[in-house]
There are 2 protein chains.
Amino acid sequence: MNFYDNPKQNRREKILHAALKLFFKKGYFNTSVHDIRAEADVSIGLVYRYFKNKEKIAQVVYAELLQGMIDTIEQIIADNDSAHDSCRAIIAYFLEKTETFPEMTDFLFFVRHNEIMPNGTPICATKVPQIIRAMVSKGMETGEIRPMHMAVATTSIFGPTIRLIQQRLHGIIQVPLTTFTDEVWAAAWRAVKAQ
Amino acid sequence: MNFYDNPKQNRREKILHAALKLFFKKGYFNTSVHDIRAEADVSIGLVYRYFKNKEKIAQVVYAELLQGMIDTIEQIIADNDSAHDSCRAIIAYFLEKTETFPEMTDFLFFVRHNEIMPNGTPICATKVPQIIRAMVSKGMETGEIRPMHMAVATTSIFGPTIRLIQQRLHGIIQVPLTTFTDEVWAAAWRAVKAQ
DNA sequence: GTCTATACCACGATAGAC
DNA sequence: GTCTATCGTGGTATAGAC
């Protein structure tokens with residue numbers, strides 16, 4: 001159980017919640033530890049009792065969000081036996097999460113981790129691309145997906161979805177992304193499916 | 001003539017050059033005005049003589065980079081008479097620019113403008129999407145592109161390219177993106193072309 | 001136009017009581 | 001575990017000489 005879906009809310013989780021909320025709203029560098037303290041309604045001393053410094057807060061937020069995404073993606077891949085079905089389910093998950101929990105997709109896809117966490121990320125940021133590549137690679141071997149560069153295949157499948165999310169978070173798109181799930185999936189699949 | 005392709009380099013342009021270089025390397029918030037001063041080899045007083053504050057520097061950098069991109073895209077659209085050709089040329093331009101001038105695509109596509117420029121962007125950030133939409137819209141009317149939601153069409157065409165750029169800038173992709181131009185274009189076109 | 005010196009303050013982080 | 005009070009630094013911005 002991660003901090004972001006814990007209704008009990010002990011103080012440590014309240015701090016993480018407050019931090020993510022403010023990072024999303026104002027950005028990491030425009031958010032002071034005092035802001036987090038106030039939002040979480042605890043004292044400044046307590047924040048530093050639980051977390052060594054501000055960067056560490058971001059690292060923990062990041063690690064837990066990422067783990068949640070990895071778990072979901074791995075579960076999806078385990079539950080589906082074609083690349084086709086796995087990809088479709090992952091796209092649906094990304095779009096739906098952006099509507100219900102935009103802080104998550106924003107933080108994982110668009111926050112500049114190198115800038116806010118110069119001292120190495122605990123979990124390798126390339127874990128998700130790795131899992132995705134393995135799944136797509138298998139899809140190519142079985143003949144579902146046409147032979148192409150791995151980088152082109154993965155970005156052709158997920159790039160449109162991620163760009164939709166970016167535009168939605170920027171306010172360029174004003175309707176729920178779930179409206180587009182079927183259509184964006186169909187287009188992505190046309191791009192990569194074997195002839 | 002914009003600051004970034006001016007070989008003469010008067011002092012104002014040197015400051016803008018230095019700022020963009022450091023924003024790309026360390027990020028806006030990790031770059032102090034003193035850093036910019038040192039990189040441009042001018043005094044701190046001079047920086048503040050030319051620019052009201054740090055945010056203003058970012059605004060000018062942004063406005064000039066964006067204008068350069070808008071000019072190029074408009075030129076491409078004027079030079080080509082099908083959406084097919086225009087899109088291909090724009091994708092080639094994005095990929096090539098990322099190799100020769102990564103600071104540009106990084107700043108325009110992935111910098112969080114709301115965070116570093118809370119006081120309104122001078123040029124509307126949505127100008128490029130507008131131009132793109134008009135061009136794609138025309139392509140739909142002429143029957144080149146299949147009828148679909150505009151947001152899905154544009155992201156299906158350019159999303160893969162933009163995601164490739166993001167991964168390249170993050171070091172996930174280690175070969176020049178121009179390697180993929182033909183392949184990523186072909187895939188994007190399969191996604192949207194009329195049956 | 002260009003420089004040096006410095007004011008000012010917000011913020012990250014710590015000390016230490018309870 | 002939780003709090004209040006406070007320190008020190010780094011960074012934005014200005015003053016004012018040349």
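Residue numbering restarts at 1 for every chain, and letters A, B, ... go by the order of the sequence lines. Just so you know, these numbers use all the heavy atoms, side chains as well, and skip hydrogens, waters and symmetry mates.
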| said: Centroid separation under 6.0 Å, is that true for the rings of Phe109(B) and Phe94(B)? | reply: yes
| said: Output the rounded distance in Å from NZ (Lys56(B)) to P (dA13(D)). | reply: 13 Å
| request: Provide, to the nearest angstrom, the distance between the CD1 atom belonging to Ile36(B) and the P atom belonging to dA13(D). | output: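 In whole Å, dA13(D) P and Ile36(B) CD1 are 11 Å from each other.
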| field | With Phe101(A) via ring pair (Phe, Tyr, Trp, His ring centres under 6.0 Å) - residues at least two apart | value |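 Tyr4(A).
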| Taking the inter-plane angle between the rings of His113(A) and Tyr62(A) on a 0 to 90° scale, is it parallel (under 30°), tilted (30 to 60°) or perpendicular (over 60°)? | tilted
| task | Let me see the working for Asp106(B) and Arg112(A) under salt bridge (Lys or Arg N to Asp or Glu O under 4.0 Å), right down to the final yes or no. | result | CA-CA 11 Å; Asp106(B) 184 49; Arg112(A) 300 173 70 93; 2.7 Å; yes
| query | Nearest 0.5 Å, what's the NZ-CD distance between Lys25(B) and Glu103(B)? | reply | 11.5 Å
| query | Could you run down nucleotides 2-14 of chain C 5' to 3' and tag each one B, S or - for protein heavy-atom contact under 4.0 Å? | reply | BBBB-----SBBB
